[in-house]
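Everything numeric here is computed off the predicted structure, so don't read it as measured data.
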Amino acid sequence: TRLRTSSPSQSAGESMRVPPNLVRGEAAATTPPRENAVSSFASRAGAHPRRHALPLRAHPRHAGPGPVAANERIRSLSEVVKHATKPRVRQLNIELVELLAKADDELRDVYAIGIKTIINDSDGPTAQVVAEAVMEPLAAASSASSAEGLVMQALDLLGSLLQRPEVEVAPELAKALLGSFLAQLASSEPAVKKRATVALGALSPHLGDALLDNMVGSILSTVGKKSAAGNATTLVQVLGAVSRRVGWRLGRHLDAIVPVLARSVGDEDDESMHSDEACELRETCLHALESLVLRCPSEVTPHLAEAEA
């Protein structure tokens, strides 16, 4: 694959356009789809007009076939982020997310790694550009109606993006993300629930007081229901993840949180609490209580007797 640069007469949109064969998930006869996808993006987006070509070690032409080559091409996206203009980075991410939503499992993995590379290697202003380009489509992809593989990738990418301190989230988008993440806690797939838990923890600093209250209230009302008994560990893990990010803001909810955690710890003399699931729940509750004590000590002090009981 040759490195292609845009001529001064080409628009940003033309230089960033993805070949039709990639949209259909096809590839050149001698190149596996996974490598072709990454190589195309690296070569088409990797150079500013007339300058900033990719370094030799990351150049698709020198990578050769195989997984190592694909990894080299993915790493070359770091150079794209460093040298490309913000409109170029924005357009690249828009196309990556579009392809992520359409791709099969193999190519979806490539596009997700590419987006995550850009998220992790962007400076502060560029991270906000990336967020504005991908957050809404990823929020739609994380909905319960999406394919499971797409949901997991979207949750993973959103969790990474929301953990960037430079990223700002509009209130309406934060509300949409909250609804999508909470819905995924009811998934039958542990991997989906785990990613939703991480994403909720990352989202919590971006929530206003009203939305944070709604989230905590929803979790507390659900964890006490018999129908949620099998999901109690996940819900308690969410409380722990949120407390690690915004611990002091949970102070006003401790009257409700601590009794739920204390009940979930259970009685060691109760034989029904000796199962693997009960032991996992107990450990999760203790970690959540520890997090609350460390992050809002003054607020939790009045509740320590109940927690110790």
Side-chain angles (χ1 to χ4, degrees), residues 1 3-4 6 11-27 31-48 54 58 60 63 69-123 125-143 146-147 149-164 167 173 177 195 199:
T1 306
L3 181 68
R4 299 179 61 186
S6 306
S11 68
E14 289 174 328
S15 65
M16 298 295 296
R17 190 172 295 118
V18 181
N21 64 314
L22 284 184
V23 177
R24 295 192 301 268
E26 299 171 1
T31 308
R34 180 185 179 89
E35 296 170 24
N36 189 71
V38 184
S39 177
S40 175
F41 272 108
S43 62
R44 295 183 69 82
H48 189 279
L54 292 176
N71 289 336
E72 283 297 313
R73 291 165 183 152
I74 290 169
R75 280 196 291 271
S76 72
L77 288 172
S78 298
E79 301 300 325
V80 176
V81 173
K82 292 176 185 176
H83 301 307
T85 62
K86 288 182 175 60
R88 216 172 253 269
V89 173
R90 177 183 175 84
Q91 181 63 25
L92 172 61
N93 280 277
I94 289 173
E95 294 197 18
L96 280 169
V97 173
E98 289 176 352
L99 290 170
L100 181 80
K102 299 173 183 177
D104 59 22
D105 289 342
E106 185 180 18
L107 288 180
R108 186 183 296 132
D109 179 56
V110 171
Y111 300 134
I113 294 172
I115 297 170
K116 196 162 190 175
T117 299
I118 295 173
I119 291 171
N120 292 338
D121 294 348
S122 298
D123 58 23
T126 305
Q128 182 61 32
V129 170
V130 175
E132 292 169 359
V134 306
M135 202 167 284
E136 286 193 20
L138 285 177
S142 67
S143 67
S146 300
L150 178 58
V151 169
M152 287 196 291
Q153 294 287 13
L155 290 172
D156 188 47
L157 292 170
L158 286 167
S160 297
L161 193 54
L162 290 167
Q163 290 181 56
R164 291 294 304 261
V167 169
L173 180 55
L177 289 170
R195 286 167 172 78

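- In this structure, the separation between CG on Leu96 and NZ on Lys116 is 15.0 Å, given to the nearest 0.5 Å.
- Of all heavy-atom pairs between Val151 and Ser142, the closest is CG1-O, 4.1 Å.
- To the nearest 0.5 Å, atoms CG (Asn120) and CD1 (Ile113) are separated by 11.5 Å.
- Side-chain N or O atoms of Asp109 include none that pairs as donor or acceptor with a backbone N or O of Ala112 at under 3.5 Å.
- Between Leu107 and Leu99 the shortest side-chain heavy-atom distance does not fall below 4.5 Å.
- Gln91 contributes no side-chain N or O that, together with a main-chain N or O of Pro87, makes up a donor-acceptor pair within less than 3.5 Å.
- Contact record, Ser122 with Val130: OG-CG2, 3.9 Å, taken as the closest heavy-atom pair.
- When all heavy atoms are compared, the tightest approach of Leu100 to Leu150 is O-CD1, 3.8 Å.
- Under a 3.5 Å cut-off, the side chain of Asp156 and the backbone N or O of Met152 do not form any donor-acceptor pair.
- Atom CD of Glu132 is separated from atom CD1 of Ile94 by 10.0 Å, given to the nearest 0.5 angstrom.
- Rounding to the nearest 0.5 Å gives a distance of 13.5 Å between CD1 of Ile118 and CZ of Arg90.
- Atom CD1 in Ile119 sits 5.0 Å away from atom CG in Leu157 (nearest 0.5 Å).
- A 4.5 Å side-chain heavy-atom check between Met135 and Leu162 finds at least one atom pair inside the cut-off.
- For the pair Asn93 and Val89, the tightest heavy-atom approach, listed with the atom from each and the gap, is ND2-O, 2.8 Å.
- Scored by the salt bridge (charged side-chain N to carboxylate O under 4.0 Å, His left out) test, Arg108 finds Asp105 as partners (sequence neighbours excluded).
- Around CD of Gln128, the count of heavy atoms belonging to other residues, nucleotides or ligands within 6.0 Å exceeds 12.
- To the nearest 0.5 Å, atoms OH (Tyr111) and CD (Glu95) are separated by 10.0 Å.
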